[in-house]
Amino acid sequence: MSLIIAVDGPAASGKGTIAARLATAYGLPHLDTGLLYRAVGLKVLQDGGSLDDEAAATAAARGLEPAGLSDDPRLTTGEAGEAASRVAGFAGVRAALLDLQQAFAAQTGGAVLDGRDIGTVIAPGAPAKLFVTATPQVRARRRWKQLTARGIDIAFEDMLADIQRRDERDAGRGSAPMVQAQDAVLLDTTDMGIEAAFDAARRIVEAARAKHGL
Ligand code: C5P
(Lines give C-alpha, C1' and ligand atoms only; values in the text may rest on other atoms or scores of the structure.)
Protein backbone atom coordinates (compact mmCIF):
# COMPACT_ATOMS: atom_id res chain seq x y z
CA MET A 1 0.00 0.00 0.00
CA SER A 2 1.26 3.50 -0.77
CA LEU A 3 0.58 6.74 1.05
CA ILE A 4 -2.53 8.13 -0.64
CA ILE A 5 -3.84 11.12 1.31
CA ALA A 6 -7.47 12.01 0.52
CA VAL A 7 -8.51 15.51 1.62
CA ASP A 8 -12.20 16.32 1.16
CA GLY A 9 -14.42 19.12 2.36
CA PRO A 10 -16.47 22.16 1.38
CA ALA A 11 -15.27 25.41 -0.24
CA ALA A 12 -12.90 27.58 1.84
CA SER A 13 -12.54 24.97 4.58
CA GLY A 14 -8.76 25.14 4.26
CA LYS A 15 -8.50 21.76 2.51
CA GLY A 16 -6.54 23.09 -0.47
CA THR A 17 -3.86 24.73 1.64
CA ILE A 18 -3.67 21.72 3.95
CA ALA A 19 -3.36 19.34 0.98
CA ALA A 20 -0.61 21.43 -0.62
CA ARG A 21 1.34 21.59 2.63
CA LEU A 22 0.96 17.87 3.29
CA ALA A 23 2.27 17.18 -0.22
CA THR A 24 5.35 19.30 0.44
CA ALA A 25 5.90 17.76 3.88
CA TYR A 26 5.74 14.18 2.55
CA GLY A 27 7.34 14.87 -0.84
CA LEU A 28 4.23 13.68 -2.70
CA PRO A 29 2.58 14.93 -5.91
CA HIS A 30 -0.63 16.92 -5.30
CA LEU A 31 -3.79 17.17 -7.41
CA ASP A 32 -6.38 19.86 -6.69
CA THR A 33 -9.32 18.08 -8.32
CA GLY A 34 -11.53 21.19 -8.10
CA LEU A 35 -9.41 22.63 -10.91
CA LEU A 36 -10.61 19.87 -13.25
CA TYR A 37 -14.27 20.76 -12.67
CA ARG A 38 -13.46 24.47 -12.87
CA ALA A 39 -11.74 23.96 -16.24
CA VAL A 40 -14.75 22.01 -17.55
CA GLY A 41 -17.22 24.69 -16.41
CA LEU A 42 -15.15 27.46 -17.90
CA LYS A 43 -14.72 25.63 -21.21
CA VAL A 44 -18.50 25.28 -21.54
CA LEU A 45 -18.92 29.01 -20.90
CA GLN A 46 -16.11 29.98 -23.27
CA ASP A 47 -17.66 27.87 -26.02
CA GLY A 48 -20.92 29.78 -25.50
CA GLY A 49 -22.70 26.69 -24.16
CA SER A 50 -25.13 26.26 -21.31
CA LEU A 51 -24.14 24.95 -17.87
CA ASP A 52 -27.33 22.86 -17.99
CA ASP A 53 -26.14 20.97 -21.08
CA GLU A 54 -24.77 17.61 -19.87
CA ALA A 55 -23.60 16.54 -23.34
CA ALA A 56 -21.56 19.71 -23.83
CA ALA A 57 -20.07 19.48 -20.34
CA THR A 58 -19.22 15.79 -20.79
CA ALA A 59 -17.51 16.53 -24.12
CA ALA A 60 -15.49 19.30 -22.42
CA ALA A 61 -14.50 16.88 -19.63
CA ARG A 62 -13.42 14.19 -22.13
CA GLY A 63 -11.27 16.70 -24.00
CA LEU A 64 -9.71 18.18 -20.88
CA GLU A 65 -5.94 18.67 -20.96
CA PRO A 66 -4.95 18.61 -17.26
CA ALA A 67 -1.39 19.91 -17.68
CA GLY A 68 -0.91 23.53 -16.61
CA LEU A 69 -4.30 24.02 -14.94
CA SER A 70 -2.76 25.17 -11.66
CA ASP A 71 -1.11 28.11 -13.49
CA ASP A 72 -4.32 29.42 -15.04
CA PRO A 73 -5.61 32.45 -13.04
CA ARG A 74 -9.04 32.31 -14.71
CA LEU A 75 -9.76 29.09 -12.82
CA THR A 76 -9.52 30.77 -9.41
CA THR A 77 -12.47 33.11 -9.97
CA GLY A 78 -15.86 32.83 -8.28
CA GLU A 79 -17.43 32.45 -11.72
CA ALA A 80 -15.30 29.35 -12.41
CA GLY A 81 -16.16 27.90 -8.99
CA GLU A 82 -19.86 28.41 -9.59
CA ALA A 83 -19.64 26.92 -13.11
CA ALA A 84 -17.67 23.98 -11.69
CA SER A 85 -20.31 23.14 -9.13
CA ARG A 86 -22.99 23.23 -11.86
CA VAL A 87 -21.23 20.80 -14.23
CA ALA A 88 -19.94 18.63 -11.34
CA GLY A 89 -23.48 17.30 -10.85
CA PHE A 90 -23.46 15.51 -14.21
CA ALA A 91 -22.61 11.80 -14.02
CA GLY A 92 -21.06 12.01 -17.52
CA VAL A 93 -18.62 14.69 -16.40
CA ARG A 94 -17.64 12.76 -13.28
CA ALA A 95 -17.14 9.55 -15.28
CA ALA A 96 -14.95 11.37 -17.82
CA LEU A 97 -12.68 12.68 -15.05
CA LEU A 98 -12.48 9.42 -13.07
CA ASP A 99 -9.58 7.65 -14.79
CA LEU A 100 -7.18 10.53 -14.68
CA GLN A 101 -7.82 11.12 -10.96
CA GLN A 102 -7.47 7.41 -10.15
CA ALA A 103 -4.26 7.18 -12.19
CA PHE A 104 -2.88 10.16 -10.27
CA ALA A 105 -3.77 8.51 -6.96
CA ALA A 106 -2.15 5.23 -8.00
CA GLN A 107 1.33 6.66 -8.56
CA THR A 108 4.14 4.69 -6.96
CA GLY A 109 4.97 6.22 -3.62
CA GLY A 110 1.56 7.80 -3.18
CA ALA A 111 -0.14 11.14 -3.78
CA VAL A 112 -2.28 13.82 -2.16
CA LEU A 113 -5.64 14.65 -3.75
CA ASP A 114 -8.15 17.19 -2.54
CA GLY A 115 -11.78 17.57 -3.56
CA ARG A 116 -15.25 16.40 -2.55
CA ASP A 117 -15.29 12.67 -3.34
CA ILE A 118 -11.67 11.53 -3.02
CA GLY A 119 -12.20 9.36 0.05
CA THR A 120 -15.55 8.01 -1.14
CA VAL A 121 -15.21 7.50 -4.92
CA ILE A 122 -11.75 8.25 -6.32
CA ALA A 123 -9.60 6.51 -3.71
CA PRO A 124 -11.89 4.65 -1.27
CA GLY A 125 -8.94 2.49 -0.18
CA ALA A 126 -6.72 5.47 0.73
CA PRO A 127 -4.99 4.84 4.07
CA ALA A 128 -5.22 8.51 5.14
CA LYS A 129 -8.51 10.37 4.80
CA LEU A 130 -9.38 13.79 6.13
CA PHE A 131 -12.67 15.63 5.94
CA VAL A 132 -11.86 19.30 6.51
CA THR A 133 -14.68 21.64 7.41
CA ALA A 134 -15.60 24.89 9.21
CA THR A 135 -18.84 26.80 9.73
CA PRO A 136 -20.25 28.53 6.62
CA GLN A 137 -19.78 31.92 8.34
CA VAL A 138 -16.08 31.34 8.95
CA ARG A 139 -15.54 29.96 5.46
CA ALA A 140 -17.35 32.92 3.90
CA ARG A 141 -15.26 35.31 6.00
CA ARG A 142 -12.02 33.69 4.81
CA ARG A 143 -13.04 33.82 1.15
CA TRP A 144 -14.31 37.40 1.53
CA LYS A 145 -10.99 38.49 3.05
CA GLN A 146 -9.02 36.86 0.21
CA LEU A 147 -11.14 38.55 -2.44
CA THR A 148 -11.20 42.01 -0.86
CA ALA A 149 -7.41 41.80 -0.39
CA ARG A 150 -7.20 41.28 -4.16
CA GLY A 151 -9.29 44.42 -4.67
CA ILE A 152 -12.47 42.53 -5.56
CA ASP A 153 -15.53 44.27 -4.17
CA ILE A 154 -18.09 41.82 -2.80
CA ALA A 155 -20.54 42.03 0.11
CA PHE A 156 -20.01 39.52 2.91
CA GLU A 157 -23.69 38.49 2.76
CA ASP A 158 -23.33 37.65 -0.93
CA MET A 159 -20.24 35.59 -0.18
CA LEU A 160 -22.10 33.68 2.54
CA ALA A 161 -25.06 33.03 0.26
CA ASP A 162 -22.65 31.81 -2.44
CA ILE A 163 -20.94 29.39 -0.02
CA GLN A 164 -24.27 28.06 1.24
CA ARG A 165 -25.62 27.57 -2.27
CA ARG A 166 -22.47 25.68 -3.27
CA ASP A 167 -22.63 23.48 -0.12
CA GLU A 168 -26.24 22.58 -0.85
CA ARG A 169 -25.54 21.76 -4.49
CA ASP A 170 -22.41 19.70 -3.70
CA ALA A 171 -23.99 17.76 -0.83
CA GLY A 172 -27.41 17.35 -2.46
CA ARG A 173 -26.50 15.99 -5.89
CA GLY A 174 -27.17 12.38 -6.79
CA SER A 175 -23.79 11.74 -8.39
CA ALA A 176 -20.89 11.44 -5.89
CA PRO A 177 -22.30 13.94 -3.37
CA MET A 178 -19.95 15.62 -0.93
CA VAL A 179 -20.05 13.47 2.19
CA GLN A 180 -17.55 12.47 4.83
CA ALA A 181 -16.25 8.95 4.16
CA GLN A 182 -17.00 6.60 7.05
CA ASP A 183 -13.31 6.11 7.75
CA ALA A 184 -12.28 9.77 7.27
CA VAL A 185 -11.14 11.83 10.24
CA LEU A 186 -13.08 15.07 10.71
CA LEU A 187 -10.94 18.18 11.02
CA ASP A 188 -12.98 21.24 11.99
CA THR A 189 -10.87 24.34 11.31
CA THR A 190 -13.48 26.86 12.53
CA ASP A 191 -11.30 28.05 15.42
CA MET A 192 -7.93 27.29 13.86
CA GLY A 193 -5.39 29.32 11.94
CA ILE A 194 -3.61 27.61 9.08
CA GLU A 195 -0.62 26.53 11.22
CA ALA A 196 -2.80 24.81 13.80
CA ALA A 197 -4.90 23.21 11.06
CA PHE A 198 -1.81 21.89 9.28
CA ASP A 199 -0.37 20.49 12.54
CA ALA A 200 -3.67 18.71 13.21
CA ALA A 201 -3.75 17.35 9.65
CA ARG A 202 -0.21 16.08 9.99
CA ARG A 203 -1.06 14.27 13.21
CA ILE A 204 -3.98 12.56 11.44
CA VAL A 205 -1.67 11.43 8.63
CA GLU A 206 0.97 10.25 11.11
CA ALA A 207 -1.64 8.15 12.92
CA ALA A 208 -2.72 6.65 9.57
CA ARG A 209 0.89 5.88 8.63
CA ALA A 210 1.47 4.13 11.97
CA LYS A 211 -1.73 2.14 11.59
CA HIS A 212 -0.88 0.97 8.06
CA GLY A 213 2.88 0.61 8.57
CA LEU A 214 3.68 3.27 5.93
O1 C5P B 1 -12.69 22.89 -4.54
P2 C5P B 1 -13.21 23.87 -5.55
O3 C5P B 1 -13.92 25.04 -4.95
O4 C5P B 1 -12.15 24.29 -6.52
O5 C5P B 1 -14.28 23.03 -6.39
C6 C5P B 1 -15.16 23.67 -7.29
C7 C5P B 1 -16.39 22.81 -7.46
O8 C5P B 1 -16.03 21.62 -8.16
C9 C5P B 1 -17.03 22.32 -6.17
O10 C5P B 1 -17.99 23.23 -5.67
C11 C5P B 1 -17.67 21.01 -6.58
O12 C5P B 1 -18.95 21.21 -7.11
C13 C5P B 1 -16.79 20.51 -7.70
N14 C5P B 1 -15.90 19.43 -7.28
C15 C5P B 1 -16.43 18.15 -7.21
N16 C5P B 1 -15.63 17.09 -6.90
C17 C5P B 1 -14.34 17.28 -6.62
C18 C5P B 1 -13.78 18.58 -6.65
C19 C5P B 1 -14.61 19.64 -6.97
O20 C5P B 1 -17.61 17.97 -7.44
N21 C5P B 1 -13.57 16.21 -6.34
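Both counts, for ligands and for their atoms, begin at 1 and track the order of listing. If you're wondering where the values come from, they're calculated on a predicted model, not measured in any experiment.
Heavy atoms of other residues, nucleotides or ligands lying less than 6.0 angstrom from CZ of Arg165 number more than 12.
Heavy-atom distances between Arg86 and ligand 1 stay at or above 4.0 Å for every pair.
Looking at Arg169 against ligand 1, nothing comes within 4.0 Å, counting heavy atoms. Here Arg165 has no heavy atoms under 4.0 Å from ligand 1, in either its backbone or its side chain. At a 4.0 Å heavy-atom cut-off, ligand 1 does not touch Met178 at all.
To the nearest 0.5 angstrom, Lys129 atom NZ is 10.0 Å from Ile4 atom CD1. Rounded to the nearest 0.5 angstrom, Leu51 CG and Arg86 CZ are separated by 4.5 Å. Annotation: the span from Thr17 atom OG1 to Ile194 atom CD1 amounts to 4.5 Å, rounded to 0.5 Å. In this structure, CD on Gln137 lies 12.0 Å from CZ on Arg142, to the nearest 0.5 angstrom. Going from atom CE of Met192 over to atom CG of Leu187 covers 5.0 Å, rounded to the nearest 0.5 Å.
Nearest non-hydrogen protein atom to atom 6 (C) of ligand 1 is Arg166 NH1, 3.6 Å. Distance from atom 12 (O) of ligand 1 to its nearest protein heavy atom, with residue and atom name: Asp170 OD1, 2.6 Å. The shortest contact between atom 18 (C) of ligand 1 and any protein heavy atom is with Thr33 OG1, 3.4 Å. Scanning the protein for heavy atoms near atom 3 (O) of ligand 1, the closest one is Arg38 NH2, 3.0 Å.
Evaluation of the side chain to side chain donor-acceptor pair (under 3.5 Å) rule for Gln102 yields no partner, not counting sequence neighbours.
When Arg94, Gln101, Arg116 are checked for heavy-atom proximity to atom 20 (O) of ligand 1, Arg94 turns out nearest. Proximity annotation for atom 19 (C) of ligand 1: of Gly81, Ala84, Gly34, Gly34 comes nearest, heavy atoms only.
Residue Asp32 places no N or O, backbone or side chain, under 3.5 Å from any N or O of ligand 1. Some N or O of Asp117 is nearer than 3.5 Å to an N or O of ligand 1, by distance alone.
Listed by number with element, the atoms of ligand 1 under 4.0 Å from a non-hydrogen atom of Ala88 are 12 (O), 13 (C), 20 (O).
Salt bridge annotation for Asp47-Lys43: present, with a cationic side-chain nitrogen under 4.0 angstrom from a carboxylate oxygen.
Listed here is the closest heavy atom pair of Pro66 and Leu36: CB-CD2, 4.3 Å.
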